[in-house]
Amino acid sequence: MKARNVMSKDYVGKTVWLRGWVHRKRNLGSKIFIVLRDSSGIIQCLVSKDRVDEETWSEAEKITRESSFIVKGVIREDRRAPGGYELLVEKLRIVGLSDVFPIRGGEGVDYLLDNRHLWIRSTKLTSVMKIKHSVLKAAREYLESNGWWEVTPPILTSSAVEGGATLFEVKYFDRKAYLSQSAQLYLEALIFSLEKVWSLTPSFRAEKSRTRRHLAEYWHLELEAAWYNMHDMMKVAEELVAYIIERVLRERKLELETLKRDTKILEESIHTPYPRITYDKAIEILKNKGMKIEWGDDLGADEERTLTMEFNKPFFVTHFPKQIKAFYMKLDPTRPDVVLGFDMLAPEGYGEIIGGSEREDDYEKLLKRIIEFGLNPDDYKWYLDLRKYGTVPHSGFGLGVERLVMWIAGLDHIRDATPFPRFRERIYP
RNA sequence: GCCGGGGUAGCUCAGCUGGUAGAGCGCCGGGCUGUUAACCCGGUGGUCGGGGGUUCAAAUCCCCUCCCCGGCGCCA
């Protein structure tokens with residue numbers, strides 16, 4: 001049995017066995033309250049000296065916070081118990097006695113990160129992990145039921161996907177290799193047979209970022225489809241996100257409550273389509289707000305945050321100047337100074353969660369772009385090949401899973417959207 | 001990489017116009033039959049991040065260095 005299940009009228013008066021960990025212990029002398037935690041939640045257990053055998057009593061006296069134990073008792077309703085139900089203990093046995101637990105409450109960020117392997121048990125992080133589970137499950141469901149093939153691109157690669165972003169270098173036998181920062185180029189190769197593909201992989205960025213929105217290692221959900229133009233792809237992006245949010249709202253109500261997440265904007269976000277504005281329009285809005293920005297500048301964190309306050313659901317910004325976007329994005333044929341690219345920004349100040357585009361499918365144009373960006377065409381030979389053998393219009397996007405989770409869960413830092421966050425200054429534990 | 005803040009007890013912090021350290025919590029011991037981060041009484045606790053300098057005297061002033069946090073840039 002699990003703690004949450006037995007906390008109901010149906011179980012009152014019934015004898016149950018539970019196993020879990022000591023969440024809290026309060027010793028009153030001849031009564032000991034032990035709050036049991038298992039993967040489902042918590043329940044208070046009452047050990048009363050006059051109602052248990054000597055062995056159980058001495059186990060209860062000895063047990064410490066975070067010890068694992070097995071307990072047998074009768075469920076009863078009691079207004080004084082947290083949650084309204086408690087277990088009146090008959091037998092209790094310690095399985096793994098815990099040393100003094102290093103986390104008590106009130107510790108600082110650094111200390112908690114050093115003790116991440118223990119802090120991971122907290123109700124907050126447990127709730128986030130459950131939300132992340134539902135996010136991934138919902139994404140897989142959506143893609144599965146809409147005809148997308150799941151594929152497994154490589155993590156070890158021979159060169160950069162795009163110049164600029166820093167790569168982690170690893171020893172690869174006698175050569176150098178890099179940890180992938182995007183599966184996109186490989187997904188592009190796979191659309192020639194499967195047409196609609198997606199992958200969920202770790203991506204790595206060796207940037208020395210110091211922000212609440214960056215991880216050195218994060219989970220990347222990427223889609224790529226043949227015959228899709230930018231607008232087809234944006235429709236997929238918004239449907240996917242809306243579906244995920246709808247599922248999380250339904251499945252993870254309790255966890256969102258635990259996190260004190262105000263779900264008003266999430267409820268809005270299950271309705272598509274999402275608003276679309278062009279980069280031109282974004283600049284205009286920002287200028288009217290008195291921000292110092294000129295056409296051609298990339299949207300910085302402040303600008304993004306300001307824009308997100310204009311909407312009550314995720315929205316798209318499209319048609320960015322070509323110089324601030326990647327080489328593989330297709331230029332707008334009606335206006336070659338902008339690309340057929342789009343970002344999806346989450347509201348409430350969260351900002352970019354998706355980046356996507358229509359890809360350049362013409363060999364000569366792509367080659368020209370690669371050279372313009374100062375990249376070495378030899379590194380992209382196989383990628384260019386795709387434009388020589390039955391090229392096809394296609395589009396794709398990448399979603400930062402932790403960024404999406406961060407927004408849905410209402411977190412103030414991306415590190416809590418993943419169990420063991422990796423930053424420049426942190427690889428332990 | 002840049003800007004700002006910070007490293008003092010196991011944890012969170014005070015002390016910083018120089019006079020070799022203090023609180024709360026934890027921990028240990030005792031008490032307690034309805035606690036909700038239980039409470040009450042007693043006890044325990046420190047190379048003041050590291051190195052160098054000034055001084056009779058440095059947690060405190062100066063220089064160097066390491067580490068962490070927040071923000072920006074970069075991006076998902």
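So that the names make sense, note that chain A is the first sequence line, chain B the second, and so on, each numbered from 1. Below, each value reflects all heavy atoms present in this structure, side chains not excepted, and no hydrogens, waters or symmetry copies.
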Report task. Go through the structure and list residues passing side-chain contact (heavy atoms from CB on, under 4.5 Å) with A:M329, not counting sequence neighbours. Result ->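 Partners of A:M329 by the side-chain contact (heavy atoms from CB on, under 4.5 Å) criterion, ordered by chain and then number, come out as A:K325, A:V339, A:S357.
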
**Report entry** By side-chain contact (heavy atoms from CB on, under 4.5 Å) - contacts of A:D110 (at least two apart)
**Finding:**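 By the side-chain contact (heavy atoms from CB on, under 4.5 Å) rule, A:D110 matches A:D114, A:R426.
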
**Report entry** Same-atom distance (P) from B:A58 to B:G42, integer angstrom
**Finding:**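 My reading of the P atoms in B:A58 and B:G42 gives 36 Å.
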
Over all strands shown, is [X] touching base, sugar-phosphate only, or nothing at heavy-atom distances under 4.0 angstrom?
X	answer
A:H214	base
A:E86	base
A:R79	nothing
A:H413	sugar-phosphate

Query raised in the report: For residues 12-23 of chain A, which residue pairs qualify under salt bridge (Lys or Arg N to Asp or Glu O under 4.0 Å), counting only residues two or more places apart or in two chains?
Result: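 Counting only pairs at least two positions apart or across chains, no salt bridge (Lys or Arg N to Asp or Glu O under 4.0 Å) contact touches residues 12-23 of chain A.
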
Interface polar pairs with nucleotides 10-14 of chain B, N/O, under 3.5 angstrom:
| unit_1 | atom_1 | unit_2 | atom_2 | d |
| --- | --- | --- | --- | --- |
| B:U12 | OP1 | A:G108 | N | 3.1 |

**Report entry** Closest listed nucleotide, where the reference is the side chain of A:F33 and the choices are B:U35, B:C75, B:C27
**Finding:**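 Out of B:U35, B:C75, B:C27, the nucleotide with an atom closest to A:F33's side chain is B:U35.
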
**Report entry** Among B:G34, B:A76, B:A37, the one nearest A:L215 by side-chain distance
**Finding:**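 Within the option list, the nearest is B:A76.
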
Which residues satisfy the salt bridge (charged side-chain N to carboxylate O under 4.0 Å, His left out) test with [X], sequence neighbours excluded?
X	value
A:E141	A:R247
A:E54	none
A:E284	A:K281

Check each residue of [range] for a non-hydrogen atom within less than 4.0 Å of any atom in RNA chain B, then write out the ones that pass by number, or none.
range	result
residues 40-63 of chain A	A:Q44, A:L46, A:D50
residues 343-355 of chain A	A:E352, A:I353, A:I354, A:G355
residues 275-288 of chain A	none

Query raised in the report: Would you say the side chain of A:R210 and the base of B:C3 hold a donor-acceptor pair, judged only by whether the two atoms sit under 3.5 Å apart?
Result: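 No such pair is found, so the answer is no.
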
**Report entry** Rounded distance (nearest 0.5 Å) linking atom CD1 of A:I270 with atom OG1 of A:T263
**Finding:**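 If we round to the nearest 0.5 Å, A:I270:CD1 and A:T263:OG1 are 10.0 Å apart.
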
Requested in this report: Name all residues meeting the side-chain hydrogen bond (donor to acceptor under 3.5 Å, both in side chains) criterion together with A:R24; count only those two or more places apart in sequence or in a different chain, and write none if there are none.
Outcome: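 With sequence neighbours excluded, A:R24 shows a side-chain hydrogen bond (donor to acceptor under 3.5 Å, both in side chains) to no residue whatsoever.
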
Report task. Please report, rounded to the nearest Å, how far the P atom of B:A37 is from the NZ atom of A:K124. Result ->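 Spelled out: NZ on A:K124 to P on B:A37 is 18 Å.
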
Query - All pairs passing ring-ring contact (aromatic ring centres under 6.0 Å, His included) where residues 200-226 of chain A contributes a residue, at least two apart - result: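 For residues 200-226 of chain A, and leaving out neighbouring residues, the ring-ring contact (aromatic ring centres under 6.0 Å, His included) pairs sorted by first residue read A:Y218-A:H220.
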
